[in-house]
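Report on one structure; see the data block that follows.
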Amino acid sequence: MNLSRGALEEAAKIFARLVVLHITASPETLAQRLKHRGREDTGDIAKRLASAQKPLPAGLSVIEIVNDGPLEAAVAKARAALQPDRV
């Protein structure tokens with residue numbers, strides 16, 4: 001499920017084995033992508049960048065995927081995280 005940072009603590013209380021798949025990008029990459037989308041003005045982009053830098057709640061099990069490259073690479077990383085090889 002896709003949850004906001006504000007909902008993660010409550011979700012962790014409900015789902016004991018919650019693992020957060022945190023897909024992010026560097027501020028530079030995120031700024032470039034937002035600019036190219038053309039939906040936000042400069043001020044809105046600055047707010048989004050500030051929000052993206054807020055930390056996740058402490059104590060969560062988190063898998064971080066940095067999506068600065070091609071989409072296919074991020075998808076492969078996410079798939080590997082969601083469906084790890086079992087030994």
Side-chain angles (χ1 to χ4, degrees):
M1 68 186 102
N2 185 5
L3 299 174
S4 69
R5 282 175 170 78
L8 290 174
E9 284 185 271
E10 187 66 26
K13 293 175 188 173
I14 296 168
F15 304 103
R17 295 175 41 201
L18 178 75
V19 177
V20 176
L21 184 61
H22 185 225
I23 302 173
T24 188
S26 68
E28 298 81 16
T29 298
L30 186 55
Q32 181 182 12
R33 289 177 180 167
L34 291 170
K35 182 180 175 185
H36 286 285
R37 277 191 348 189
R39 291 190 229 160
E40 293 96 351
D41 64 26
T42 304
D44 291 334
I45 290 173
K47 288 178 190 174
R48 290 281 304 271
L49 292 174
S51 178
Q53 296 304 311
K54 291 180 183 176
L56 296 175
L60 296 174
S61 177
V62 178
I63 298 170
E64 180 116 9
I65 295 176
V66 179
N67 180 19
D68 279 341
L71 177 60
E72 297 79 16
V75 169
K77 290 176 190 176
R79 262 196 171 144
L82 294 171
Q83 299 174 342
D85 293 335
R86 297 176 192 250
V87 180

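All residue numbers in this chain count up from 1 along the given sequence.
- Atom CD in Glu9 sits 6.5 Å away from atom NZ in Lys13 (nearest 0.5 Å).
- Taking every heavy atom of both residues into account, Arg5 and Pro57 meet most closely at O-CG, 3.8 Å.
- Within the structure, salt bridge (charged side-chain N to carboxylate O under 4.0 Å, His left out) pairs that include any residue of residues 59-80 do not occur (at least two apart or interchain).
- Here the closest non-hydrogen pair linking Ser61 and Leu18 is CB-O, 3.7 Å.
- Taking Pro55 as the reference, nothing meets the side-chain contact (heavy atoms from CB on, under 4.5 Å) condition, with sequence neighbours excluded.
- Judged as a salt bridge (charged side-chain N to carboxylate O under 4.0 Å, His left out), and not counting sequence neighbours, the contacts of Arg37 are Glu40.
- Not a single donor-acceptor pair under 3.5 Å links the side chain of Arg48 to the backbone N or O of Leu34.
- Under the 4.5 Å side-chain criterion, counting only non-hydrogen atoms from C-beta, Arg33 is in contact with Asn67.
- Phe15 and Leu56 fall within the same hydrophobic cluster, defined by Ile, Leu, Val, Met, Phe, Trp and Tyr side-chain heavy atoms under 4.5 Å apart, directly or through other members.
- Following chains of ILVMFWY side-chain contacts shorter than 4.5 Å, one cannot reach Leu60 starting from Val19, and the two form parts of different hydrophobic clusters.
- Cluster membership check: Val20 shares its hydrophobic cluster with Ile14, using side-chain heavy-atom separations under 4.5 Å among Ile, Leu, Val, Met, Phe, Trp and Tyr.
- To the nearest 0.5 Å, atoms CD1 (Ile23) and CG (Asn2) are separated by 9.0 Å.
- Taking all atoms of both residues into account, the shortest heavy-atom contact from Ala74 to Ile65 is O-CG2, 4.4 Å.
- There is a path of hydrophobic side-chain contacts, each under 4.5 Å, that joins Leu3 to Val62.
- No side-chain heavy atom of Thr42 sits less than 4.5 Å from a side-chain heavy atom of Ile45.
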